[in-house]
Amino acid sequence: MTPLEELRHSASHILATAVLRVFPDAKLDIGPPTDTGFYYDFDLDHKFTPDDLVRIEAEMKKVADENQAFFRKEVSREEAVEIIKSRGQERYKLGRLADIPADEKISFYQNGEFIDLCAGTHVRYSSKLKAFKLLSIAGAYHRGDEKNKQLQRIYGTAFPTKDELAAYLTQLDQAKLRDHRKLGKDLKLFVIDEDVGQGLILWTPNGAIIRQELQNFISAELRKQGYSQVFTPHIGKLELYKTSGHFPYYKESQFSPVIENESLAKILAEGCSCTEVYARLDAVSAQLAAQVNARTGKETITVDRVRPDDQLLDGFMLKPMNCPHHIKIFASQPHSYRDLPVRLAEFGTVYRWEQSGELNGMTRVRGFTQDDAHLFCTEEQVAAEVLGCLSLVKIVLSTLGMSDYRVRVGLRDPDGKKFAGDPAKWDVAEAACRTAAATLGVPFTEEPGEAAFYGPKIDFVIKDMIGREWQLGTVQVDYVLPVRFDLTYIGADNQSHRPVMIHRAPFGSMERFCGVLIEHFGGDFPVWLAPEQVRLVPISDKVNEYGTTLLAQLKAAGVRASLDGHSDKLGAKIRRAELDKVPYILVLGAKEAETQSVSVRSRAKGDEGVQPFAAYLERVKSEIATRALPEKKVTTTVPSRPQGT
RNA sequence: GCCGGCGUAGCUCAAUGGUAGAGCACCUGUUUUGUAAACAGGCGGUUGCGGGUUCGAAUCCCAUCGCCGGCUCCA
C-alpha cells in the first residue's frame, strides 16, 4: 500500500469510527481507498443526508484530534468471529471474514474504541489525518451485485496536506467548467429535449458543424484506405437479428420492436381485448425470458423488456448494430477471393435501450451514430486488416492531439457463457488482436470478459473530465457472424470459403466522441473544427461596410465567419467573441480599411497586430487545410464565464 | 433499473407559508467606440407536470417526469 493509500484507508476507518459514534446502529461492510480518495459502505435504516455528512465530518475531525493510535491485532478465525459478534457487526463482516483464505493471517486494526477486520496497513496515529473531506453519498449494492441489498456509501478524499486537498478540490471545480454538458450548452453545440426523449441528442447548428467536419475527415481517410460507402435504413426485421444473434442475447438493452400493422390487425381480428393481447404477449415473453436466462445463466432478462415474439407477431426493430445490414450487402452478390477485402463503411445510427440511470450527456445515449465499417476478408488477411484499422484509429487520435488514452484487448470470459462460436477460432482471433495491439506502441491491458459475444476486440478507452472512462474506438474480429449468415467467397482453389469479418469504428460514436472532444479541447476547438472560425469586429459602424466586404471574401474562401454589427464598444465585442471561443478576431478600424488590412487577435496569442488581409486569409486557409491543432494558450487571467451568458 | 440530492425567466441565482425578484442575454433609444462588460428604458415566469393540506403554497405532503452524483449495466 502506498503512503497515500494508507492515509486514505485510515481516513475510511476514521469515517467508520465517526459514523458509529453518530449512528451506533450502522452495520459496516467495507471501506477501501480509491484512486481519488476513499469510501465506506454502511447499512443503516436512517438515510444519510448532506447535513449528516457535515456532522460526521466534524466527528472525524474530533477523532483525528484525539490522536488515536492504530494497532494491528492478529487473531485466529474463532477469535475473529468473537470480535465481530461482540461488536454486533456480523451482518457483513462474517461474510468478509469467510472470504479470507484459510492460509492467510486474519488481522484487525483498532483505533480508539473502533476495531475493524482489515489486512492493513494504516498510519500510526489518527492525527496524521490533517486534510480530508467527505464528498458524497451514493447507493452501492453489497458486493456489487444488484440482487443484494443496496448499502449507503459515503465517498470522501484525503491528502497529506491541506494545500494538496485544496488543490484537488480546485481541480474538481476546474474540471466541471470543461464538462461537455456545460460547454455544449454555453457554445450551443447540442441539446437534449425531454419531449424528444432521454438520451437522444439534438445536434444544433454549431455542433452539427463539428460533426460534419469530423465525418468529412474520416471519410477522406476511408477513401484512401479503399473503403466503400454504403447507406442502410434504421430498422430491420426481427428475423434478421435472430439470425445475427443480437436478439435475444441483448434483448434487454434494445428498444421494443415495432409491431407490423398486419400482425396487430390479425390479433385484433381474433377478438382479443387489449388486456388479452398483453396477457398473450406476457406469456410468450416470460417463456422467452426464461430461455435466455437459462442460456446465459443470469436472471438478467425481465419480462417487461421482452415483448412480442415472432411466434405471435412479425415486427421490425430499431437497429442496435449496423453489421447485419452490411452483411446483407456483402451477401447480395457472389465474391471472389480477388475482391477481398471488401470494406463497407457507413455513419450508421443505432438505438439501444440504456438504463435511465446510465444516461450521461453525449457520452451515454440511446441513439447514436457509429463511424462504422465492416471488413470481409480471408483468414490470411485478418492480421493486416486489423493493423490497417489500428493505424486509422491512430491517425484520427493524433490529428486531434489525443494521446491520453489506454488500449484494452477484450478477451472472452473463460467461465462465462456469453460468447458464441468455436473456441479454437477464438484463440486465433485473440492472438491476432494481441499481436496487433502490441504493434501500436501504446501500453495495453488484456481483459478477460470484455470481448463482444462474437469475437475479441481492441478498444480505445479515454477518461472524461471527472475521471470516468469511456470506450471510444474499437476494432473487433468476428468469426461468428459469417457462419450465422453463411457468408462465402470463392477461393483460388475454386472452392467455397468462409470469410472473416472485422467490425471497426475509430471514433466509436459521433455523440460520445464529440462529447469527449469538447472536454479534450475545453471548447477551444482547432480552427478546422470551430463552428465559427473568424469574427469580424468593426470598431464603429463606420467601418461596417469594410467588414462586410471582408466577410464576403472569407465566406467565398469557405471560411466560417461572422460580423459583429452591434453598437457596443470594442471591448464588449472582443469579450463576446472570446466567450464564444472564436479562434480569430479581426479588429477593423479606419486604418485597416484604408490599407486593406486587419488587426488580428488570436485565441492563443491575443493581439498579434496589423497584417494585410490577403496574407491573413492565406494563413487561416492553410491552418484549416492542414487541420492544425490549437497553439497552447498564452496564460493570461481569463475571466470566468459570467452568469447569464 | 436501484439509492440519494435537485428542478424558480433563454442563462446564473434570490425569495422558508403572506403581492415571484436580480444580474446577464434579448428588444428599443442614446452612444460611434482601438483589444475581455457604455448608459437608459422595455420584454420576459400557471415556480417541471398533476393532485392534496391551508384563508393563503415556489415554500409543507403525495404522485409523476426530468436532471445531477454513485451502484448495476454497456453488442
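No experiment lies behind these values; they were computed from the predicted model shown. Proteins come first, then strands; the chains are lettered A, B, ... in the order of their sequence lines, and each starts at number 1.
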Rounded to whole angstrom, note down the P distance from B:U53 over to B:G41. 45 Å
Could you note down all residue pairs passing ring pair (Phe, Tyr, Trp, His ring centres under 6.0 Å) where residues 565-605 of chain A supplies at least one of them, sequence neighbours left out? A:Tyr584-A:Tyr616
For A:Glu354, check side chain to side chain donor-acceptor pair (under 3.5 Å) against everything at least two apart and list the hits. A:Arg364
B:A36 phosphate, OP1 or OP2: any side-chain N/O from A:Arg601 under 4.0 angstrom? yes
Less than 3.5 Å between a donor and an acceptor, one on the side chain of A:Gln150 and one on the base of B:C2, is that the case here? yes
If we take the P atom in both B:U16 and B:G7, what is their distance in whole Å? 14 Å
When you compare B:C39 with B:A57, how far apart are their P atoms, in angstrom units rounded to a whole number? 40 Å
Can you tell me how far the CG atom of A:Leu563 sits from the CZ atom of A:Arg535, to the nearest 0.5 Å? 9.5 Å
Closest non-hydrogen atom pair between A:Arg512 and A:Ser509, with its separation: N-OG, 3.0 Å
Within residues 584-595 of chain A, which residues have any heavy atom lying less than 4.0 Å from an atom of RNA chain B? A:Val587, A:Gly589, A:Ala590, A:Lys591, A:Glu592
Given the P atoms of B:G50 and B:G29, what is the spacing between them in whole Å? 39 Å
Under a 3.5 Å cutoff on both atom distances, Watson-Crick or G-U, what's the dot-bracket for RNA chain B ([ ] crossing, | other strand)? (((((((..((((....[..)))).(((((.......))))).....(.(((..]....))).))))))))....
Rounded distance (nearest 0.5 Å) linking atom CD of A:Glu450 with atom CG of A:Asp413: 9.5 Å
Relative to the ring of A:His180, is the ring of A:Phe190 parallel (under 30°), tilted (30 to 60°) or perpendicular (over 60°)? parallel
Can you tell me, in whole Å, how much space there is between the C1' of B:G51 and that of B:A63? 7 Å
Are A:Asp607 and A:Arg601 close enough for a salt bridge, meaning some N to O gap below 4.0 Å? no
hbond_proxy A:Arg364 side chain to B:C73 base (donor-acceptor, 3.5 Å cutoff): yes
Using a 4.0 Å heavy-atom cut-off across all strands, classify A:Gln152 as base, sugar-phosphate, or nothing. nothing
What are the atom names and distances for every N/O pair under 3.5 Å that joins the protein to nucleotides 67-69 of chain B?
unit_1 : atom_1 : unit_2   : atom_2 : d
B:C67  : OP2    : A:Gln198 : NE2    : 2.7
B:C68  : OP1    : A:Arg181 : NH1    : 3.3
B:G69  : OP1    : A:Arg181 : NH1    : 3.2
B:G69  : OP1    : A:Arg181 : NH2    : 2.6
B:G69  : OP1    : A:Arg468 : NH2    : 3.3
B:G69  : OP2    : A:Arg181 : NH1    : 3.1

Partners meeting side chain to side chain donor-acceptor pair (under 3.5 Å) with A:Asp43 (sequence neighbours left out): A:Arg91, A:Tyr92, A:Lys149
The criterion is ring pair (Phe, Tyr, Trp, His ring centres under 6.0 Å); which residues satisfy it with A:His374, sequence neighbours excluded? A:His326, A:His503
Can you tell me the distance, in whole Å, between the CZ atom of A:Arg575 and the C1' atom of B:A38? 14 Å
Both conditions, 6.0 Å and 45 degrees, for the charged tip of A:Arg8 above the ring of A:Phe38: are they met here? no
Interatomic distance at P, B:A40 relative to B:G52, whole Å: 47 Å
Mark yes or no for a side-chain to base donor-acceptor pair under 3.5 Å between A:Arg153 and B:C3, with no hydrogen or angle criteria applied. no
Contacts of A:Arg406 meeting side chain to side chain donor-acceptor pair (under 3.5 Å) (sequence neighbours excluded), chain-then-number -> A:Thr445, A:Glu447, A:Glu469
If you compare every side-chain N and O of A:Tyr155 against the phosphate oxygens of B:C71 (OP1, OP2), does one of them come in below 4.0 Å? yes
With respect to the side chain of A:Tyr141, which nucleotide from B:C74, B:A36, B:C2 is positioned closest? B:C2
With the side chain defined as heavy atoms from C-beta on, A:Gln355 is closest, among B:G1, B:U32, B:A38, to B:G1
For RNA chain B, what residues of residues 38-52 of chain A have any heavy atom nearer than 4.0 Å? A:Lys47
Spacing of the C1' atoms in B:U35 and B:C74 (rounded, Å): 48 Å
Just call it for A:Gly144: base, sugar-phosphate, or nothing, with non-hydrogen atoms closer than 4.0 Å on any strand. sugar-phosphate
Taking 4.0 angstrom as the limit, do A:Arg504 and A:Asp372 come out as a salt bridge? no
Lys/Arg N to Asp/Glu carboxylate O, A:Asp51 vs A:Arg55, below 4.0 Å: no
Side chains of A:Arg153 and A:Tyr155 only: does a donor on one sit below 3.5 Å from an acceptor on the other? yes
Review item, nucleotides 45-51 of chain B N/O atoms under 3.5 Å of protein N/O:
none

In whole Å, measure the gap between the C1' atoms of B:A9 and B:C26 for me. 12 Å
Can you list everything that forms a ring pair (Phe, Tyr, Trp, His ring centres under 6.0 Å) with A:Phe42? Sequence neighbours excluded, please. A:Tyr40, A:Phe48
Answer yes when A:Lys457 and A:Asp459 have at least one side-chain N-carboxylate O distance shorter than 4.0 Å, and no when they do not. yes
Below 3.5 Å, does any donor atom in the side chain of A:Ser567 face an acceptor in the base of B:U32, or the other way round? no
State which of B:G70, B:G34, B:C11 makes the closest approach to the side chain of A:Lys185. B:C11
Considering only B:C2, B:A75, B:U33, which nucleotide approaches the side chain of A:Lys542 most closely? B:U33
Nucleotide N/O to protein N/O under 3.5 Å, stretch nucleotides 59-63 of chain B:
none

For the side chain of A:Ser599, starting at C-beta, report the closest nucleotide among B:U30, B:A75, B:U35. B:U35
